[in-house]
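The next block holds one structure in the form of structure tokens; read it before the comments.
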Amino acid sequence: MKRQKKHSMNFQYKIGCRLENLKGMRDFIQASLKDFVVSEVELSEIILAIDEMCCNRIIYEHKCDENHSLELHIIVPNPKKIIFELQDKAGVFDINKYHDIDIKNLIFEKRKGGLGVKLVKSIMDKIEYISRDGQSVCRMTRRIN
Amino acid sequence: MLQFKQTKENDILILEIIGEIDASSSIELDLTIAKIVDLGATKILIDCSSLEYISSAGLGVFMSYIEEFKEKKLIMILFGMKKKVFHTFEILGLSKILNICETNEEAKKTLNELSI
């Protein structure tokens with residue numbers, strides 16, 4: 001059965017900062033966007049990008065402290081665009097300033113990390129940082145095909 | 001939840017991955033591959049047909065073994081990926097660096113060719 005696109009909607013979800021909560025976040029995005037993003041591959045890559053950003057925030061800004069929280073807002077202003085806002089009480093790590101890594105070097109050094117930021121930058125069309133109500137907000141925009 | 005099933009066909013070790021690999025579970029994949037290598041496997045097929053999701057943490061595990069496998073002359077081939085999972089490897093170009101086949105049969109054929 002062919003799914004039909006919905007037009008506009010807002011969603012939000014909050015988790016405690018532990019990696020085991022990433023699955024719930026992914027399931028939430030899947031359930032929220034299934035009527036907006038028709039392509040399974042496209043939806044999957046969007047979920048991947050948000051998962052990576054949440055993971056980075058949880059590990060590096062919150063040190064996996066479950067007493068800290070991370071909130072995701074999904075805004076669908078029109079059928080062609082989705083805005084994701086990750087909001088928390090922690091410092092800003094601007095991935096736009098993070099230089100792209102060379103995968104060949106990572107392989108040579110047998111490293112496991114370093115791929116997440118590159119994935120997010122490849123998947124999202126725009127990444128910006130703002131401050132709201134004393135919290136930092138990472139806003140990511142993605143055009144939908 | 002992430003699960004692994006191992007089977008052996010002659011000198012080929014087949015590892016089936018069931019579930020999702022993310023930052024909280026990638027360590028299990030790492031430990032499983034390390035154990036397989038410690039036990040002396042030299043031809044490893046990774047069955048990804050029941051792999052539903054992989055994040056950069058999982059990609060990183062596979063990536064981290066590329067050099068070691070080259071040094072030890074081990075062959076690892078991944079096969080049976082769903083389109084959405086394959087796309088994750090594709091985004092970073094890892095689909096061209098790792099050995100990835102569509103089917104079990106193709107993976108075995110490639111394994112034979114690489115073993116010569």
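Only this structure's heavy atoms are used, side chains among them; waters, hydrogens and symmetry mates stay out. Protein chains get the first letters and strands the later ones, always in sequence-line order, with residue 1 at the start of each.
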ILVMFWY network linking [X] to [Y], side-chain heavy atoms under 4.5 angstrom:
X: B:L45; Y: B:L51; value: no
X: B:F69; Y: B:L111; value: no
X: B:Y65; Y: B:I36; value: yes
X: A:I127; Y: A:I74; value: yes
X: A:I144; Y: A:V41; value: no

How many angstroms lie between atom [atom1] of [X] and atom [atom2] of [Y], to the nearest 0.5 angstrom?
X: B:I27; Y: A:L19; atom1: CD1; atom2: CG; value: 12.0 Å
X: B:D22; Y: A:M25; atom1: CG; atom2: CE; value: 12.5 Å
X: A:I107; Y: B:I66; atom1: CD1; atom2: CD1; value: 4.0 Å
X: A:N56; Y: B:S56; atom1: CG; atom2: OG; value: 7.5 Å

*asked:* Please find the pair of heavy atoms, one from A:D51 and one from B:S55, that lie closest to each other, and give the distance.
replied: OD2-CB, 3.6 Å
*asked:* Can you give me the closest heavy-atom contact between A:K110 and B:E68, atom names plus distance?
replied: CE-N, 4.0 Å
*asked:* Main chain of A:K23, side chain of B:E20: is a donor-acceptor contact present, judged purely on distance under 3.5 Å?
replied: no
*Find the one option among A:E45, A:E20, A:E42 whose heavy-atom pairs under 4.5 Å with chain B are most numerous.*
A:E45
*Top contributor to chain B interface from A:N21, A:I59, A:L22, A:L48 [non-hydrogen pairs under 4.5 Å]*: A:L48
*Interface moiety of A:E52 toward chain B, non-hydrogen atoms closer than 4.5 Å*: side chain
*For A:I123, is it the side chain, the backbone, both, or neither that has a heavy atom closer than 4.5 Å to a heavy atom of chain B?*
side chain
*Using heavy atoms and a sub-4.5 Å threshold, report which of residues 80-91 of chain B line up against chain A, by residue number.*
B:K83, B:K84, B:H87, B:T88, B:I91
*Under 4.5 Å, heavy atom to heavy atom: which of residues 92-105 of chain B reach chain A? Give them by number, or say none.*
B:L92, B:L94, B:I97
*For A:F108, does the CZ atom have more than 12 heavy-atom neighbours from other residues, nucleotides or ligands under 6.0 Å away?*
no
*Output, in order, the C-alpha distance, side-chain angles, deciding distance and verdict of salt bridge (charged side-chain N to carboxylate O under 4.0 Å, His left out) for A:R26 and B:E52.*
CA-CA 12 Å; A:R26 294 198 298 273; B:E52 297 298 329; over 6 Å; no
